[in-house]
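In each ligand, atom 1 is the first atom listed, and ligand 1 is the first ligand listed.
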Amino acid sequence: MKHLLVYLSLFLSVLVKAQSPTLPIIPIPQKITAKAGQFELNAQTTLRFDLNNEQIALASNYFNQWLSKYAGYSLSTGKQDKNSIVLELTPGVGQAEGYRLQISNDQIKIQAWQPAGLFYGIQTLIQLFPVQAAASTKLAAVEIEDHPAFAYRGAMLDVGRYFFPVEQVKAFIDMLARYKINRFHWHLTEDQGWRIEIKKYPKLQEVAAWRSESIVGHYNTSPRKFDGQKHGGYYTQEEVKDIVEYARKRFITVIPEIEMPGHAQAAIAAYPELGCLDEKLEVGKVWGVSSNVFCPNEATFTFLENVLSEVMALFPSPYIHIGGDECPKDQWKTNATAQAIIKREKLKDEHELQSYFIRRMEKFVNQQGRQIIGWDEILEGGLAPNATVMSWRGTEGGIEAAKQGHNVIMTPTSYCYLDYYQSLHADEPLAIGGFLPLEKVYSYNPIPAELNAEQAKYILGAQANLWTEYISTESKLQYMFSPRAQALAETTWSGESRKNFPDFVQRLAVHMQRWKKEGYNFGNHLYDAKAMAKVEGNGVKFDASNSAKQGTIRYSNNGSVPTASSPVVDANQAITQSGKYVFQTFQEGQAIGRSASLELSFHQAAGKKITLNSEPAKQYSAGGPGSIINGVIGSDQRFNDAEWLGFSGKDFSAVIDLGKSSSLKQVKLRFFNNPSQWVYAPSEVKVSWSNDGQNFSKNQSSKVSAGQDKIVALNLALKNAKGRYLKLEVSNFGEIPAGAPGAGSKAWLFVDEIVVE
Ligand code: ACM
């Protein structure tokens, strides 16, 4: 009998372990070992730690404040062993910021060799509590060993485009703390608003902090509309100190950013002598890159040194961000002071003048014992000696800086810009552009493959950036930030070896329940159906999925929302009928997430073979070459929906093999035309045909004259045309004309479905 009990309990403990669910911890800890037993936390549980250590008290106080909100009670400190939570600084436990968390029947113990580790252990513990509170909470026994993969785990908030009050900044910081993000990059100055009180320069508060109105809708739309509402605000130095202290208590360093030499229009509006023009400017009210930048005169350097002196007195951060991005050099080219400095300092051009500007400011910052961070443009014209580079225009800047032996923070737009669309659904709220779904953020590896192990050490970590041109409320801020920021937090804390997207999605579902309960907004696109008509093996097939990779996708072909008995998408089945196809995720018989639809219209080229003679841009060819002969017309609103192919500065040329010789009556083409995004309709289109794919007919050509419309549609009636092969040659518009955005650069060409009738 005794043996039987021993076996039974062994069997049960194995069973308990085997069945232990994925713990809902984000970022996923390095090592989780389920144990037998459970701890019961109630109002009698005590907290035990060295009361003389203020740093440990930060972790303990955070827990008590959280518990009091969550369960309505907090814990007393005490010396008891049983029913206690023990926080202990223990040399040798964990790596930097790491911790060990042990939950057993009698005790919860968190050990770390740094106070930050105890704080992170507390964050993990909190995530183990069920979403719904009870008078007592049972926590399954477990042992967790954890530490971060990267030392720099950042998030940036732009308060220049829209001002967010102190309480909202604190709530943002709280969210960082919960996900073990340890750097808050506070983007404080912009063309459209200066947000930090500088006592020496009162007009920064009176003038630069306010704009008369803001643009409504996307800045690419014309004509532009404005809201007529004065907008602005700034943080007083007392408020700044309060926020820095609030972050410190959460083991978060606040890195202030004071932009120079670009993004300075608000400051110049307050103090015109800082600019290159002899004219009064207003604080910016449209988005984009302003050509009004700081002039490199002595008045500017004195101003910036005085500003940075006040800033450094407020922020203990070892790093001060000085911007450095998007500084058009137009005004410097014609400004006498700027040209005199180029001559005096024997500089090659205006890029070297920017480098001179940054080096000079770096010297000043270094003299105060601090280091600068700058956006990757600070590489142009030569990197300042001790600068850390924030690589945003891609990874190239980061790779180059690391190779030069400089520290790097990775924040490439294609993985880290949370102002991009997270879904292409028609109902998605306005965003700046781009497309950055959750799974893509999650897939990011901050270490570029181009670096060797030695160079890779310069990659300090990565950062999520939240620019706010199209984010004017806290609710939208939350919607854009989560859950993508949490996905990046898992990258920077847990590292590549621990990542697993389906597992993340399971854990995320619990976090979403918690956010919902707290009234915190978030983007939930996990179950939204996504569908693409792909051209494969001489036919059109559906590729349908959702981000969560869960459930089944069903479809209808008559525009109605699918039901639980609609057919399931089969990726191998050729689709032969035109129709309005609607796709929907189903789980356990229930429709979940939003539906997607595709209007499919078969024509002679649909599903056939296309060979491109020019390479589309990687970021604008997600649907592959077949996406322009799949029977689906692209969006009228944006060219990033995988139905368009984008070519940067190149012509488009392709041959379609129709499979058999056919009469060709008409070719219909569509091009995107939006000069404010550097996108232009082509100048000319040529069509020719052939029976053997070698000898083509004389081409039939058509000049294109684009008007104001965003879509230029061209219907080419063909005369006496018959053949198996159809060749299209489309000429890029060429160089962007003077006066237009991107003047002098090569135009983009975007090609949609090629309909052959
Ligand atoms: C940036 O996005 N201009 C750094």
Side-chain angles (χ1 to χ4, degrees), residues 152 154-162 183-195 218-220 255-267 284 286-294 319-329 351 354 357-358 361 372-380 383-384 387-401 406 408-421 431-436 441 444 446 460-471 477 480-481 484-485 488 619 676-678 741-742 745:
Y152 189 111
M156 186 215 74
L157 178 63
D158 166 16
V159 294
R161 269 54 178 265
Y162 279 97
R183 300 286 182 270
F184 170 41
H185 170 178
W186 202 7
H187 185 80
L188 285 162
T189 69
E190 258 308 334
D191 296 314
Q192 299 85 5
W194 181 286
R195 306 283 175 231
H218 202 280
Y219 91 113
N220 283 330
I255 300 173
E257 180 182 357
I258 305 296
E259 274 266 26
M260 62 190 81
H263 290 281
Q265 187 169 322
V286 295
W287 318 128
V289 178
S290 167
S291 56
N292 297 306
V293 303
F294 283 129
Y319 283 118
I320 304 295
H321 201 306
I322 49 75
D325 61 319
E326 298 182 322
C327 176
K329 309 293 188 295
H351 290 294
Q354 159 140 347
F357 195 119
I358 300 293
M361 294 315 301
I372 63 160
I373 301 179
W375 299 108
D376 58 45
E377 285 94 330
I378 66 168
L379 278 154
E380 294 164 4
L383 198 48
T388 293
V389 171
M390 212 167 241
S391 186
W392 74 278
R393 291 178 298 176
T395 55
E396 296 79 7
I399 293 166
E400 177 58 30
H406 284 255
V408 172
I409 296 147
M410 298 305 285
T411 178
T413 54
S414 48
Y415 292 95
C416 298
Y417 269 44
L418 305 190
D419 56 337
Y420 280 22
Y421 282 102
I432 195 163
F435 178 43
L436 179 53
V441 178
Y444 185 52
L460 301 182
Q463 176 171 293
N465 286 344
L466 199 52
W467 300 101
T468 58
E469 287 96 329
Y470 302 95
I471 302 175
L477 186 154
M480 298 302 277
F481 194 67
R484 290 182 295 177
L488 192 68
Q619 70 272 37
S676 58
Q677 287 172 292
W678 304 21
S745 298

Just distances here: any N/O of [X] and N/O of ligand 1 closer than 3.5 Å?
{"X": "Trp375", "value": "no"}
{"X": "Glu326", "value": "yes"}
{"X": "Tyr417", "value": "yes"}

Query raised in the report: When you check the side-chain N and O atoms of Trp375 and Glu257, is any donor under 3.5 Å from an acceptor?
Result: yes
Query raised in the report: Is there a donor-acceptor contact under 3.5 Å linking the side chains of Glu377 and Trp392?
Result: yes
Requested in this report: Check ligand 1 against Trp467 and write out every atom of the ligand that is under 4.0 Å from a heavy-atom position of the residue.
Outcome: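 Listed by number with element, the hits are 1 (C), 2 (O), 4 (C).
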Query raised in the report: What is the closest protein heavy atom to atom 3 (N) of ligand 1, and at what distance does it sit?
Result: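 Among all protein heavy atoms, the one nearest atom 3 (N) of ligand 1 is Asp325 OD2, 2.6 Å.
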Requested in this report: Using the six-membered ring wherever Trp is involved, compare the ring planes of Tyr470 and His218 and label them parallel, tilted or perpendicular (cut-offs 30° and 60°).
Outcome: parallel
Report task. May I ask you to say whether Arg393 pairs ionically with Glu380, meaning some side-chain N is under 4.0 Å from a carboxylate O? Result ->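 Answer for the salt bridge query: yes.
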Query raised in the report: For Gly324, does its backbone N or O pair with a side-chain atom of Gln354 as donor and acceptor, under 3.5 Å?
Result: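 Yes; at least one donor-acceptor contact below 3.5 Å.
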